[in-house]
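What follows is a short report on a single structure.
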Amino acid sequence: MFARAQALISETALAGNLTALARRAGARLLLPVKADAYGHGLEAVARVAARHPSVWGFGVAVPREAATLAALGLGKPILLLTPPTPEEVRPLADLGVRLPVASVEEADALPAHARAHLKVDTGMNRLGARPEEAAAVGRRLAERGLLEGAYTHFATADEPDLSFAHEQLARFRGVLAHLPPVLAHAANGGGVLSLGPLPGLGLARPGLAAYGFAPAHLRQVAPLIPVMTLRARVTHVHPVRPGESVSYGGLWRATRETTVATVGFGYADGYPRNATGRAHVLVAGERRPVLGRICMDQFMVDVTGLNVRPGDWAEVWGAGEVTVTDVAAWGGTVEYEVLTGVGARVERVVEAEREDAEAVGG
Ligand SMILES: *Cc1c(COP(=O)(O)O)cnc(C)c1O
């Protein structure tokens with residue numbers, strides 16, 4: 001109730017994407033649900049994904065996410081994908097959260113009930129032990145009985161040229177050869193789509209692809225459907241006369257009688273302000289231009305000739321004619337940033353629930 005904008009989360013699309021990606025990877029999935037499940041809502045996504053047979057567990061970026069997820073009690077492993085501070089180690093281990101380890105000192109500092117994934121830096125140069133040091137770290141973890149997994153992260157797997165990804169994979173395999181058998185994982189979504197099954201690697205970590213998006217050159221590889229539809233309420237409909245301008249700075253000026261609808265979604269909700277002058281939305285099933293500056297809480301759209309009233313929905317993006325990919329392009333950014341930018345004012349609604357709610361509400 002009261003929300004001006006809703007992110008409708010399609011259970012069907014998410015489950016279908018997970019199935020397609022697990023099949024393509026030939027592996028189970030460690031589903032990244034960091035950043036509020038890429039803006040889709042951590043709890044809703046985790047509950048749906050936890051029921052999917054191909055989901056082994058979840059990946060999160062920060063301890064707060066790990067704690068929130070652990071509190072849901074979904075019974076699936078959670079891996080923290082960034083190093084904990086020394087004070088965070090024990091409380092996270094107490095919650096059962098798997099921890100990344102990149103040095104012998106970190107391995108030695110773990111409590112005896114911790115479970116660790118050796119993190120190997122094969123070329124991203126962000127986190128992890130260098131390959132020449134990683135095997136010793138892994139063996140130390142194994143000696144202590146704490147080694148559950150080992151992983152690395154690709155820097156360029158979503159690009160057409162895969163030579164560096166193959167180099168990273170060879171370095172990772174070189175480390176795995178010196179370890180006892182572990183749950184190994186490397187591929188992000190780009191890696192899953194471009195490299196396919198990686199023998200010996202039991203898990204894959206597709207994030208953006210699980211939410212329905214692939215780089216243009218990989219779209220044919222797996223049938224992915226955008227999980228989120230973003231819709232916002234029309235709050236006001238009014239005529240604008242020829243010569244008048246709309247929104248801050250008067251960037252757009254009417255050349256004819258125009259019917260303008262104001263919609264309750266703005267850059268504070270995650271609509272890229274830089275999409276001004278390019279953005280389109282769907283109103284009454286038609287693709288219509290956003291007029292003038294996108295504001296903090298609102299934007300205006302040309303609805304001339306359409307039967308639109310306050311309370312109607314405008315579709316800002318979805319699986320149809322206007323996608324997050326379009327919005328990201330208009331805003332000069334990427335799908336990741338648009339999705340993770342969806343604000344706290346936007347209500348997340350799992351699609352089955354929405355149908356129930358509408359049935360109840362008549
Ligand atoms: C975010 C993240 C992923 C997922 O990446 P996508 O490009 O969204 O598939 C995988 N692994 C790690 C370590 C990550 O941080």
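Quick caveat, the model's predicted, so the values are computed rather than measured. For reference, positions follow the sequence shown, starting with 1. First listed ligand is number 1; within each ligand, the first listed atom is number 1.
Nearest to atom 8 (O) of ligand 1 among the protein's heavy atoms is Tyr38 OH, 2.6 Å. Of all protein heavy atoms, the one closest to atom 9 (O) of ligand 1 is Gly189 N, 2.7 Å. If you check which protein heavy atom lies closest to atom 7 (O) of ligand 1, you get Tyr336 OH, 2.6 Å.
One option in Leu30, Asn188, Val33 has a heavy atom closer to atom 5 (O) of ligand 1 than any other, and that option is Asn188. Of the options His185, Arg205, Lys34, Met124, the smallest heavy-atom separation from atom 11 (N) of ligand 1 is shown by Arg205.
The proximity of His153 to ligand 1, defined as any non-hydrogen pair under 4.0 Å, is limited to the side chain.
For ligand 1, the atoms sitting less than 4.0 Å from at least one non-hydrogen atom of Arg126 are 15 (O), numbered in the order shown with element in parentheses. The Leu208 neighbourhood of ligand 1 comprises atoms 6 (P), 8 (O), 9 (O), with distances under 4.0 Å to a heavy atom of that residue.
Under a 4.0 Å N-O distance rule, the pair Asp302/Arg256 qualifies as a salt bridge. We find that Glu148 and Arg98 are joined by a salt bridge, their nearest charged nitrogen and carboxylate oxygen being less than 4.0 Å apart. With respect to the salt-bridge test (charged N to carboxylate O, under 4.0 angstrom), the residues Asp269 and Arg345 qualify. A salt bridge links Arg140 to Glu143: one of the charged nitrogens lies within less than 4.0 Å of a carboxylate oxygen.
For ligand 1, the polar-atom distance check against Tyr151 finds no nitrogen or oxygen pair separated by under 3.5 Å. Annotation: Leu81 places no N or O atom under 3.5 Å from an N or O atom of ligand 1; distance criterion only. Residue Pro32 places no N or O, backbone or side chain, under 3.5 Å from any N or O of ligand 1.
In this structure, Phe213 has no ring pair (Phe, Tyr, Trp, His ring centres under 6.0 Å) partners at least two apart in sequence or on a different chain.
For the side chain to side chain contact (heavy atoms under 4.5 Å, CB included) test with Leu118, the passing option among Val175, Val182, Thr152, Leu146 is Val175; the others fail.
Contact between Ala209 and ligand 1 is absent, with no heavy atom of the residue lying under 4.0 Å from the ligand. Under a 4.0 Å heavy-atom criterion, Lys119 is not in contact with ligand 1.
A donor-acceptor contact closer than 3.5 angstrom is absent between the side chains of Thr262 and Thr235.
Val33 and Tyr151 fall into different hydrophobic clusters, where Ile, Leu, Val, Met, Phe, Trp and Tyr are joined by side-chain heavy atoms under 4.5 Å apart, directly or via other members.
Among residue pairs with one or both ends in residues 214-255, those qualifying as ring pair (Phe, Tyr, Trp, His ring centres under 6.0 Å) are His236-His238; sequence neighbours excluded.
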